[in-house]
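I have placed the structure first, in the form of structure tokens, so that the comments after it can refer back to it.
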Amino acid sequence: MGIANLKKNHLLGTLWTRAVLIALFFAASGWNAASAADAFDIVQQQQPVKGKVLDEEGLPLPGATIMVVGSTTGTSTDIDGNFSIEAKTGDVLEVSFVGYIKKLVPVAPGANYTVTLLPDVKNLEEVVVIGYGSVKKSDLTGAVSSLKADDINIGANVSVDQMMLGRAAGVQISQSSSEPGGGLSIRVRGASSINASNEPLYVIDGFPIDNSSNLSASSMIGQTDADATQTANVAINLSPRNPLNSLNPNDIESIEILKDASATAIYGSRGANGVVLITTKKGKKDKISVGYSSYFGAQDIARKVDVLAIKDYTSILNAIAKEQGEAELFSAADIASYGDGVDWQKEVYRTAPLQDHNFSVSGGMGKSNIFASLNYFGQEGIVKNTGINKYIGRLNFDSQISDRIQLGFNMNSSLITDRNGVDGVNTNESAGPIYASLLYAPNEKIYEADGTLAESDFLTINNPVSLIQGVKNTSETNRTMANFNLTYEMFKNFKMKLNLGSDRQNMRRNVYNSTLTRRGGPLGGQADITSLDRSSYLMEYTLDYNKEFNENNRLSVFGGVTYQKFNLFLFSGNISGFPTDALETNNLGLGDTNTDNLMSRREDNTLLSYLGRVNYTLFNKILLTGSIRADGSSRFGSDNKFGYFPSFALGYKLSEEDFIPEFFKELKLRASWGQTGNQEIANYASQLTFGTGPAVVLNGVTLTTVQPERIPNPGLKWETTTQFNVGVDASILEGRISATVDYFRKYTTDLLFNLPLPSASGYASILTNVGAVSNQGFELLVNSVNISSNDFSWNTALNFSAIRNQVEDLGRIAQIVTGNIQAVGNTSIIRVGEPLAAYYGYVVDGIQQAGSPKPGQPNFVDLNKDGLISPLDQTVIGDPFPDFTFGINNAFKYKNLGLTFFIQGMQGGELLSINVIESMYPSNFRRNRLSEMALDRWTASNTDARWPSFANTNAYPGGKVNSLVLQDASYIRLKNVQLSYDLPVRSIKYLSGLKLYVAAQNLFTLTDYIGFDPEANSFGRSNVKVDYSSYPLARTVTFGLNAKF
Amino acid sequence: MKTVYKFLSVFFVLAFFQGCEDALEENIYSQLSPSTLLTSEKGVASVLNSAYSYAHRNDGGAGNWSPYYLGSSPAGEFYGKGGSIESLWVQLENFSWDANHGQIISQWPIYYRAIRDANVVLDNLDPSKFSAAFVASATAEAKFIRGWAYSELYKLYGRLPLHKSLSDDPLQVRASDAETRAYIEENLLAAIPALPDTGPVGRATKGAARGVLCKYYLNTKQWQKAADIAKEIIDMGKFGLETTFDRLYSLTNENNKEMLWSLPKIGAVAATANSVQALVFPPTYPRPYTNNGVFAARLYLFDAFVNSFQDGDKRKSLIVTEWKLANGTPQIGLGKNESFPNKYPWDPNSAGWQSGNDVPVIRYADILISRAEALNEQSGPSQDALDLINLVRTRAGVPNLTLTGLTRESLREAILKERSWEFFYEGKTREDLLRHDLFITRAVARGKNAKPHHVLYPIPQTELDANKLLEQNPGY
């Protein structure tokens, strides 16, 4: 009914009528309740009754409510659990407290008014937060992964999204860069968009935040390599900084990941990639509890990638030179003079400390609760000159200021200072220390005799130490998120809620490339400062009506309107030619003004949405949910500002039926269908605008120019994902074993797709709604209480998911070759029938053996059999998506001792390592090689080698992207192990809990992959995956304590 | 009554939100709309500047440096080693390039962007809004840029999709060879009348337009037209030979009388920079200024070429055959096929690899020799033709050619030799050999796997992927 009205009214085209209809819809539902709610009787009282309320442990329960039944007289207990209320003999007192079974106490002379309340086990049933509300887990009709703080807050958690890694079925989280503070790439149920964002929406305590990439370590805010330009001639680091760094993982109460359309459609145009709801801790009860937790740890490189040491380096390069028909590079005397050579990786990596201190206060007074926390987190990176410091404060306040009015206020403020790595997708002189330390020859010196940094005569790579010492890349980010909400119970069962939010962040990045480097030297040092201000404001007004008509019919209706505006200001300036490196970026005025470059940008965009949801429960067995969101976005063409996103879901609690054996504690079938959208594209894509063109020299001076930005597309509209989901929730053996199984099919159409244009048109592409991508998959979550006795318990949680991704349609285009890497070319293809950004290249079926035309050369396959190895022989050679991913957590508890270990991994799926390509096709013969490859190269005496001879590799036919260099990225990782001990502290005054633990992360990874991490992606959040000198994963050991006072 | 207020409050809030509806209009702050930009002469001129920028191949990368290699490497003029660029060079040298070759694909978009911006200008020169003088000069400049861009593209790829206006369908078929040629000629001819004779470096002038047209006629073997327009240029009296090579390529004398059309560069920022030394000399080569930088790659001239110069030829002094490391160790290039072309002086104002050497495209010397070549092809050797060549030879300090014993074939051979000495490392050898059908045969004679289809480069693969209407050149 509501949905029909919404649709029809938009056709009428007037928003006013739309608004009125929503209001009437809710008003009509609330009408009956109104008069009843207004009619309260007032009853006089006669005598004071004094008593005390205790909890199940005999401790005073402050804040419990005592009401005289049938009257409005009521009070609550004080801090010691005492109460006093006026009542007369014959009255009945109702004693209640949230989460406890209420008790009725008749007022009688001489009665004992010490009341012990027992916890309400039924009420303790898990509540799951959903979009704009929460439901009991048993009433859930959508597919939602729910993570509780206790399950996930183990070991060193640098960011909130890292806590989810491997723990939720259907949610693939890749640590695309393991750099401290580096961003993660999250795919909820696959990747459904080619050019728009694939990252989920984050909603923190009801406030959808702007999670767009922050300035990357290269001061870019774009998401694609196309936007990439070098800052201060430092490598382009495409990994975004993690926008969630500003949250304190210790503050998290729960994380819910909404996956199917029934759960996400209420977020409409931002729901297609899933929604992550983050709920922070609230003050509880009338007890003030103070907590302090801390950990210290050390990190080390988890997986080393060995390169040739001096002896192998000289002998293998000499041998290859000889095979190439050239003179040997190193004479015996040379080799003797090198001694042990230099282990450049040792100069770049280190064992790095990290620490975390968290102080929190939680509690309440009267009807108000408060939670406040302060957090410091400091992490040095395992690559020298990298690290992060975070200072985060939070205040959550909520208050029942009257029977009908409730208000809440959440504020989170953070300061983050970063020192960033400068490795990225660039090569040679522009690359960073990780790259340089893999390739710099071990026979080169670190320092000259006079103590200055040495520079190789042969290699046009920076001395890795000069990059560590000579490039400064720092940033400072302030982010404050605050939201305020007011709930007013207008009539019985009918509430309105006003939610206001503000999220402001400003970030400043300073990059200085000093004269110590090959790029900085000739430029006289180069400095760049980029400053980004992002903010968003939310205004939201919702109405909620709940009515239990009778035990067989329950209805809840929800609706509202929300407005969110996003602003962006960007400013950057760079200059080179400094008289000295001393001042770095602190005085740009000292640079040579002929080299300066200024840029600024301002943008805003707006979302205006109308939303509604109806839940109906029949016979407590059948759960029906319908929702719709009408989303208007400024980003779309004038004809298509609004998109409509409906969903329907059906749940059937089979376990409530008599024909289902008691064996099942819970058995529920779920089915849902719905549509969600994606609007995460750049602003202004529908319009013709002119922006800055390339500079030109005319009349001897450099002039700015103006060029058209795009071909306008006034018809641009939403990308729509239609998702179908069926699932089963079951639990047996009194809940000892529970499982959730889901199957989904997501079909995304009208892709926001940069449809390639022939560049003869003057443009590379036009953003169009063309094409389709599908994702289908299977998810399984099993929780099992294997053993549960007084002294010993063992719980296992397992999640598993298998997702198939496929490009279904690309409009008039058959394929797009993409993922360009300097000196390598394109790595990937978007082609109908293949997974998104599949690896594309040549097939190598082995190494040519003696007797072949080119012994030792990889044998490229002439797929089209035209007698030539040409681009026509390229094909899809790999899938960047895993066949399946899994996580297994085991938790053991013996008395006060706890042990948990968490294993996660993925199977199938490939990853292209550009470092492997570099090693096979060195840009300069004297560059070092990866040991694993060079030591197993083909020679006349090592004929079953995995790798070719590496002689004359520039003359190899085919291309650098081929099946020989593409690697299987399957891995199994022991992600976390934690051993903890709860000290018996009952006897210690002021201390109510003390836990000590030791935890380790990334202890080992089983994989055949040659590289630092099979999960890495140097393209950051992009669907195109390559590993190019990505920041190595750290193995971390921490010692920590949690104390409660 | 209370109930009514409550309802009113609901309506009030909803009405408030409804007021936000206008906010869905996009506010554009940092970019310009057609109505703010294209209504002033200054605005249109700023788009014309962008057209110039692309016409000058200002992309700070492959777009800028590739023409040297595309125009020379497969013709056997030189070879390169080192750096990741080596594999691209090897493909050009060995005729193993394909439609994904980074340097081949770099030229297509850069010229077509120049065409796009020229089309924006031409589409928006409303005579009712702008002065007649502005309309005339902007029209001529835009047409010159279009003619230049299409003629360069034609040289590389053959017949082309012709984008004549922004309103054209982005998906175009390749026009026929005749249509393509006609369109190039039409644009350049239309540009000439309203252009000034000469002007600052990089701007369209009569000299530049006639120069481009002359080379276009020559390369398409329209000998008479080539000879005639060369004569027109000579008769303009505005151009001449610089007295010495020092002055010809000097950074302080860039707008000299020999340059009909050169692409101005300044090294301060990458976009407008040249990289003529950075891709020639090795890191060990002593650089005169501390702010000079080089890449990993080196470019070498073959001994046979270095030894082919006649005694006393001053042009040979622009080749480094031996040099010293910083510590004084002598390095001999000649004898190892490792001599460096040293035509362009090191820029004292370079920013690392980014130097400010202008790219000479059409020099007066080229016009003189081109007319001589056209005359010879048209009617065999003549003193007129030799006189033109001898002007160039005199400057180089080598004796005049004489008519005695010359045939059309032997003069053609002499002209090609002359051109190789005069124009090495200017990216011209490929077109010179193509004109006389020697490009493939000479490559085969050098032992390269050159096939007839290699006379044209392939259309970039991404272009074919984006536009099914395009056909690839045969053989690719």
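Letters A, B, ... mirror the listed sequences (proteins, then strands); counts begin at 1.
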(Q) Between A:Val696 and B:Asn58, is there a side-chain heavy-atom distance shorter than 4.5 Å? (A) yes
Q.
How long is the straight-line distance from CG of B:Asp465 back to CD1 of A:Ile813, given to the nearest 0.5 Å?
A. 7.5 Å
Q. Is A:Lys497 atom NZ crowded by more than 12 heavy atoms from other residues, nucleotides or ligands, each under 6.0 Å away?
A. no
Q: Among A:Tyr763, A:Phe636, A:Tyr956, A:Phe458, single out the residue with the greatest number of heavy-atom pairs under 4.5 Å to chain B.
A: A:Tyr763
Q | Engaged part of A:Gln815 at the chain B interface, taking heavy atoms whose separation is under 4.5 Å | A | both
Q. Among all residues two or more places apart in sequence or in another chain, which pass the salt bridge (charged side-chain N to carboxylate O under 4.0 Å, His left out) test with B:Glu254?
A. none
Q: Indicate yes or no for a side-chain donor-acceptor contact from A:Ser634 to the backbone of B:Glu25 under 3.5 Å, with no hydrogens or angles considered.
A: no
(Q) In the structure I gave you, are the side-chain heavy atoms of A:Pro522 and B:Arg287 within less than 4.5 Å of one another anywhere? (A) no
Q. Counting N and O atoms only, with roles assigned by atom type, does the side chain of A:Tyr684 sit under 3.5 Å from a partner on the main chain of B:Asn27, one being a donor and the other an acceptor?
A. yes
Q: Kindly indicate, with the supporting measurements, whether the criterion side-chain hydrogen bond (donor to acceptor under 3.5 Å, both in side chains) is fulfilled by A:Ser923 and B:Glu86.
A: CA-CA 8 Å; A:Ser923 293; B:Glu86 181 180 331; over 6 Å; no
Q) Which bit of A:Ser765 comes within less than 4.5 Å of chain B, counting heavy atoms only: side chain, backbone, both or neither? A) neither
Q. With respect to chain B, which residue among A:Leu755, A:Leu688, A:Ile461, A:Asn594 yields the maximal number of heavy-atom pairs within a distance under 4.5 Å?
A. A:Leu688
Q: Heavy atoms only: give me the nearest B:Asn100-A:Pro871 pair and the separation to one decimal.
A: ND2-CB, 3.7 Å
Q. Between A:Pro957, A:Ser870, A:Gly632, which shows the greatest number of heavy-atom pairs under 4.5 Å with chain B?
A. A:Gly632
Q) Which pair of heavy atoms, one from B:Tyr112 and one from A:Ser759, lies closest together, and at what distance? A) CB-O, 3.4 Å
Q: Go through the atoms of B:Ile115 and report whether side chain, backbone, both or neither lie under 4.5 Å from a heavy atom of chain A.
A: neither
Q: Compare every heavy atom of B:Ser50 with every heavy atom of A:Val706, then report the nearest pair and how far apart it is.
A: O-CB, 3.3 Å
Q | Side chains of B:Ser87 and A:Tyr921 in contact at under 4.5 Å (non-hydrogen atoms) | A | no
Q. B:Leu171, B:Leu469, B:Asn292: which one forms the most heavy-atom pairs within less than 4.5 Å of chain A?
A. B:Leu171
**Q.** A:Ala695 backbone acceptor or donor facing B:Ser53 side chain under 3.5 Å
**A.** yes
(Q) At a 4.5 Å cut-off on heavy atoms, which part of A:Glu709 comes close to chain B: side chain, backbone, both, or neither? (A) side chain
Q. Is it the side chain or the backbone of A:Ile711 that comes within 4.5 Å of chain B heavy atoms, both, or neither?
A. side chain
Q: Output the distance between atom CD (B:Gln472) and atom CG (A:Leu872), rounded to the nearest 0.5 Å.
A: 9.0 Å
Q: Heavy-atom distances under 4.5 Å only: say whether A:Asn428 touches chain B with side chain, backbone, both or neither.
A: side chain
Q | Greatest number of heavy atom pairs closer than 4.5 Å to chain B - which of A:Thr427, A:Asp457, A:Leu607, A:Thr595 | A | A:Asp457
Q | Derivation and outcome, side chain to side chain contact (heavy atoms under 4.5 Å, CB included), residues A:Glu429 and B:Phe295 | A | CA-CA 8 Å; A:Glu429 308 89 337; B:Phe295 291 122; 3.8 Å; yes
(Q) Has B:Ser30 got a side-chain atom pairing as donor or acceptor with A:Arg602's backbone, closer than 3.5 angstrom? (A) yes
Q) How many angstroms lie between atom NZ of B:Lys265 and atom OG1 of A:Thr702, to the nearest 0.5 angstrom? A) 11.0 Å
Q | Note, B:Pro161 side chain near A:Pro758 side chain (heavy atom, < 4.5 Å) | A | no
**Q.** Between A:Pro756, A:Ser638, A:Ser456, A:Gly693, the one whose heavy-atom pairs under 4.5 Å with chain B are most numerous
**A.** A:Pro756
**Q.** Under 4.5 Å from a heavy atom of chain A, the part of B:Pro34 involved
**A.** both
(Q) Do B:Val120 and A:Phe690 make a side-chain contact, defined as non-hydrogen atoms from C-beta onward lying under 4.5 Å apart? (A) yes
Q: Taking the side chain as every heavy atom from C-beta outward, state whether B:Leu24 and A:Phe642 have any pair of such atoms under 4.5 Å apart.
A: yes
Q. Do you know which of A:Gly691, A:Ser633, A:Ala760 has the most heavy-atom pairs with chain B at a distance under 4.5 angstrom?
A. A:Ala760
Q) Would B:His56 and A:Leu698 satisfy side chain to side chain contact (heavy atoms under 4.5 Å, CB included), going step by step from the backbone distance to the final call? A) CA-CA 10 Å; B:His56 296 165; A:Leu698 285 171; 3.9 Å; yes
Q: Go through the atoms of A:Asp592 and report whether side chain, backbone, both or neither lie under 4.5 Å from a heavy atom of chain B.
A: neither
Q. Which heavy atom of B:Glu26 sits nearest a heavy atom of A:Arg635, and at what distance?
A. OE2-CA, 3.8 Å
Q. Relative to chain A, which segment of B:Thr290 carries a heavy atom at a distance below 4.5 Å: side chain, backbone, both, or neither?
A. backbone
Q | chain B contact via A:Arg927 - which portion, at a heavy-atom distance below 4.5 Å | A | neither
Q: Decide side chain to side chain contact (heavy atoms under 4.5 Å, CB included) for B:Tyr52 and A:Leu703; before the verdict, give the C-alpha distance in whole Å, the side-chain angles of both, and the deciding distance to 0.1 Å.
A: CA-CA 11 Å; B:Tyr52 270 120; A:Leu703 301 175; over 6 Å; no
**Q.** B:Val201 versus chain A, the contacting section by heavy-atom distance below 4.5 Å
**A.** backbone
**Q.** Counterpart residues, salt bridge (charged side-chain N to carboxylate O under 4.0 Å, His left out), relative to B:Arg116 (two or more places apart)
**A.** none
Q: Could you tell me whether a side-chain N or O of B:Lys468 sits under 3.5 Å from a main-chain N or O of A:Arg812, the two making a donor and an acceptor?
A: yes
Q) Does A:Gln707 reach the main-chain N or O of B:Val47 with its side chain, forming a donor-acceptor pair under 3.5 Å? A) no
**Q.** Non-hydrogen side-chain atoms of B:Trp353 and A:Arg519 separated by less than 4.5 Å
**A.** yes
Q: Side chain from CB out, backbone as N, CA, C, O: work out which of these in B:Leu38 comes under 4.5 Å of a heavy atom of chain A, or both, or neither.
A: side chain
Q: Sort A:Leu757 into side chain, backbone, both or neither according to what part of it lies under 4.5 angstrom from a heavy atom of chain B.
A: both
Q | Student check: side-chain heavy atoms of B:Ile28 and A:Thr689 closer than 4.5 Å | A | yes
(Q) Report which part of B:Tyr289 has an atom under 4.5 Å of a heavy atom belonging to chain A: side chain, backbone, both, or neither. (A) neither
Q. Without hydrogens or angle criteria, can the side chains of B:Ser33 and A:Gln687 be said to hold a donor-acceptor pair below 3.5 Å?
A. no
